[in-house]
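The structure under discussion appears below in the form of structure tokens.
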Number of protein chains: 2
Amino acid sequence: MSTTRPPVNMSDVAARAGVGMATVSRALNGTPGVSDATRDRIRAIAHEIGYVVSPEASRLARGATGRIGVVVSHLSRWFFAEMLDAIETTLRQAGHEILLYQVPDPASRHRFFEELPARRKVDAVIVVGLPVDLREQQQLESMGVHIVATGGQTASFPYVRIDDEEASRLAVDHLVNLGHTRIGMIEATSLDTPDWPLKLGRSEGYHASLRAAGIDPAPELVVTVPWGGENGADAMTRLLSLRTPPTAVFAHSDEIALGAIRTLRRLDLDVPADMSIIGIDDHPLAALSDLTTIAQSVPEQGRLAAQMTLELLAGRESVESVTVPVHLELRRSTRRL
Amino acid sequence: MSTTRPPVNMSDVAARAGVGMATVSRALNGTPGVSDATRDRIRAIAHEIGYVVSPEASRLARGATGRIGVVVSHLSRWFFAEMLDAIETTLRQAGHEILLYQVPDPASRHRFFEELPARRKVDAVIVVGLPVDLREQQQLESMGVHIVATGGQTASFPYVRIDDEEASRLAVDHLVNLGHTRIGMIEATSLDTPDWPLKLGRSEGYHASLRAAGIDPAPELVVTVPWGGENGADAMTRLLSLRTPPTAVFAHSDEIALGAIRTLRRLDLDVPADMSIIGIDDHPLAALSDLTTIAQSVPEQGRLAAQMTLELLAGRESVESVTVPVHLELRRSTRRL
DNA sequence: CGGCGGCTCGGAAACGCTTCCGTCACATCT
DNA sequence: AGATGTGACGGAAGCGTTTCCGAGCCGCCG
């Protein structure tokens with residue numbers, strides 16, 4: 001098949017440039033101790049004969065991997081993909097590589113931490129949308145790998161997140177301000193880590209808002225389903241079958257909300273005339289569906305997480321966790337009662 | 001901060017087991033030449049003292065990276081994320097690691113191939129939704145890295161894709177069968193690689209279908225916009241401002257279609273009563289929007305691409321490209337005229 | 001009973017780089 | 001002018017594995 005290249009090593013460059021390997025190494029790495037002239041010449045030669053340092057060898061000698069592991073639960077979901085996008089961009093700009101791990105279920109998650117696939121393979125790990133328990137944390141830290149979390153977890157290590165309770169409060173406040181009093185909530189749980197309900201305080205925010213408005217939360221108005229649009233649709237059906245259905249619904253996320261809307265549409269119920277719906281996320285398709293939502297900037301969160309990781313790697317002893325703001329994105333799925 | 005572990009090396013295991021390093025290496029790698037008893041003992045010891053081989057050193061000595069690069073244009077888009085999901089899963093199962101590269105614009109794409117970031121860092125590259133020109137291909141192959149493409153490109157190297165022309169034909173045939181004769185098309189181009197129009201034969205399919213039905217394609221009925229839901233919405237506006245607007249529209253993708261639908265909804269036009277819409281993809285939110293579409297299995301394509309890569313790596317001289325089937329997913333956005 | 005083949009296993013040479021040290025030449029200071 | 005400092009650069013020792021080769025060892029055949 002392809003003619004595998006004749007290996008080109010650093011010594012070849014050295015020979016060609018008439019200098020020692022040490023100098024080549026310094027020249028290529030930008031390490032001081034080489035005259036500019038020599039450096040340029042070496043670089044030119046390296047480029048000319050298509051030489052690139054072997055990362056394996058380099059890392060072995062250097063002792064660091066230059067890689068950052070990103071652990072994600074569900075690549076195919078918008079939130080995670082968007083996050084990964086931002087992380088990738090930031091990290092690559094900083095010259096790091098990202099090693100991707102998808103950990104969709106408890107089993108593989110356990111395996112990940114147990115078999116330590118990350119061991120020595122990465123300098124740090126960014127965990128997105130995944131709980132990390134204390135033991136796992138210590139496991140990683142004892143190997144000297146830093147951890148940063150994003151997408152839900154608050155922890156003793158640095159994280160970036162939104163204030164889920166506030167986001168929910170904002171959403172429900174909006175509904176309340178519109179005159180609604182019978183407000184339903186579709187709460188989602190993570191399918192794979194049921195131990196770690198996706199609520200994250202979202203139902204707390206819901207209740208807090210109602211309480212603040214002097215509305216007594218009716219238990220039957222909050223229905224809990226596994227995450228996913230289809231389940232959002234089902235939840236809406238359940239809400240509609242109540243003796244007194246709500247006049248507005250706060251959905252755990254935009255995907256859930258979109259599912260709920262489909263149920264309404266199929267029943268020929270108009271949004272927002274017959275029912276107000278609000279979600280959380282500002283999924284790109286929320287805009288296309290005219291869905292009012294609480295927007296959070298996922299790219300921002302990804303960028304921050306990546307930056308925090310870089311700082312940790314740069315030796316900063318500790319970096320502060322951050323909570324990014326959310327805001328109401330008013331569209332056409334909610335209306336005054 | 002964390003107590004960085006005292007490095008544990010293979011020699012430690014060897015000492016502890018009272019054998020030579022060579023034996024430890026063999027034992028741990030499953031290489032023959034070690035008695036089962038010894039092998040078990042060594043493995044136990046390794047596990048006990050928490051030893052894991054250093055991938056750097058291993059690879060350096062072995063000469064292969066064990067990694068596969070995945071080059072993606074837009075992580076945050078459903079199609080790519082879904083694809084990556086499947087690829088990751090398949091590859092990891094096979095014990096490979098995936099090194100992620102995002103190449104959003106021509107500049108970074110050029111850089112990727114030019115600086116050969118993949119050089120020696122990966123054994124193979126899976127390119128998703130990206131054109132690879134001949135020079136770039138040769139560049140990679142000359143370094144001995146295999147290439148597999150998916151998500152659009154047909155090439156001289158192995159690829160997996162759908163038949164875009166057939167998909168389009170299916171879509172338009174459906175509209176024709178419903179009695180529509182004035183059928184519009186919203187064609188999308190890639191924002192970043194305008195040289196590589198995203199049409200991929202989709203407009204050919206459109207025209208072919210019309211021609212087969214004896215319908216004369218009116219040029220003004222196909223509008224071309226950059227990829228994206230918002231642009232789909234704009235395109236719909238343009239289509240509606242025609243002297244004689246179409247009665248049905250074939251959209252390049254579901255996202256585009258969803259954008260088009262928003263325009264219609266805002267204008268109080270009913271889908272499908274006033275306008276039939278069909279897309280391509282079967283985006284998860286298409287189901288939530290009751291959008292009729294031509295479904296393609298992205299996970300399937302990802303899985304196949306990954307498998308082909310594995311076969312290549314396993315030494316199979318050549319693997320055959322595959323075209324996965326598509327089918328009409330009938331929902332509620334199209335209707336008999 | 002000697003010899004031979006097959007297993008196990010150990011020594012040590014790569015693998016390709018980084019980096020510590022030390023050398024050298026030259027400029028600067030006294 | 002001699003002493004000293006400074007910047008460039010080379011030699012070579014690792015970094016932690018893999019793997020080639022060869023050395024024991026045991027069982028079995030003739």
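Just so we're on the same page: letters track the sequence lines, and every chain starts at 1. The analysis underlying the following values was restricted to heavy atoms, covering all of them including side chains, and did not include hydrogens, waters or symmetry mates.
- Of the residues in residues 33-43 of chain B, none has a non-hydrogen atom less than 4.0 angstrom from any atom of DNA chain D.
- When side chains are defined from C-beta on, B:Leu100 counts as touching B:Leu75, because their heavy atoms get closer than 4.5 Å.
- Under the 4.5 Å side-chain criterion, counting only non-hydrogen atoms from C-beta, B:Thr150 is not in contact with B:Met308.
- Summary for the helix from C:dC1-D:dG30 to C:dT30-D:dA1: the axes at its two ends, each from 5 pairs, differ by 50° when rounded to the nearest 10 degrees.
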Full working for side chain to side chain contact (heavy atoms under 4.5 Å, CB included) between B:Arg59 and A:Arg59: CA-CA 11 Å; B:Arg59 291 202 246 265; A:Arg59 291 203 249 264; over 6 Å; no
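- Taken residue by residue, residues 17-29 of chain B places heavy atoms nearer than 4.0 Å to DNA chain C at B:Gly18, B:Val19, B:Gly20, B:Ala22, B:Thr23, B:Arg26.
- As rounded to whole Å, 15 Å separates atom C1' of D:dT18 from atom CD of B:Glu56.
- More than 12 heavy atoms of other residues, nucleotides or ligands sit less than 6.0 Å from atom CD of A:Glu48.
- None of B:His74, B:Arg77, B:Gln102 except one satisfies the side chain to side chain donor-acceptor pair (under 3.5 Å) rule with A:Asp85; the exception is B:Gln102.
- Here the side chains of B:Ile98 and B:Leu84 are in contact, with some heavy-atom distance below 4.5 Å.
- Between the CE atom of A:Met10 and the C1' atom of C:dT19 there is a distance of 11 Å, rounded to whole Å.
- Side-chain contact check for B:Thr309 versus B:His96: every heavy-atom pair is 4.5 Å or farther apart.
- In this structure, the side chains of A:Val19 and A:Arg41 come closer than 4.5 Å at one or more pairs of heavy atoms.
- Rounded to a whole Å, the CG atom of A:Leu60 is 7 Å from the P atom of D:dG16.
- Side-chain contact between A:Val319 and A:Val148 is absent, with no heavy atoms from C-beta onward closer than 4.5 Å.
- In this structure, the side chains of A:Tyr101 and A:Val125 stay at 4.5 Å or more apart for every pair of heavy atoms.
- Regarding A:Arg59, its CZ atom lies at a distance of 15 Å from the C1' atom of D:dG16, rounded to whole Å.
- OP1 or OP2 of D:dT17 has not a single side-chain nitrogen or oxygen of B:Ser54 nearer than 4.0 Å.
- Here the side chains of A:Val160 and A:Val324 are in contact, with some heavy-atom distance below 4.5 Å.
- Considering only the side chain of B:Arg62, D:dT19 comes nearest among C:dG16, D:dT19, D:dG16.
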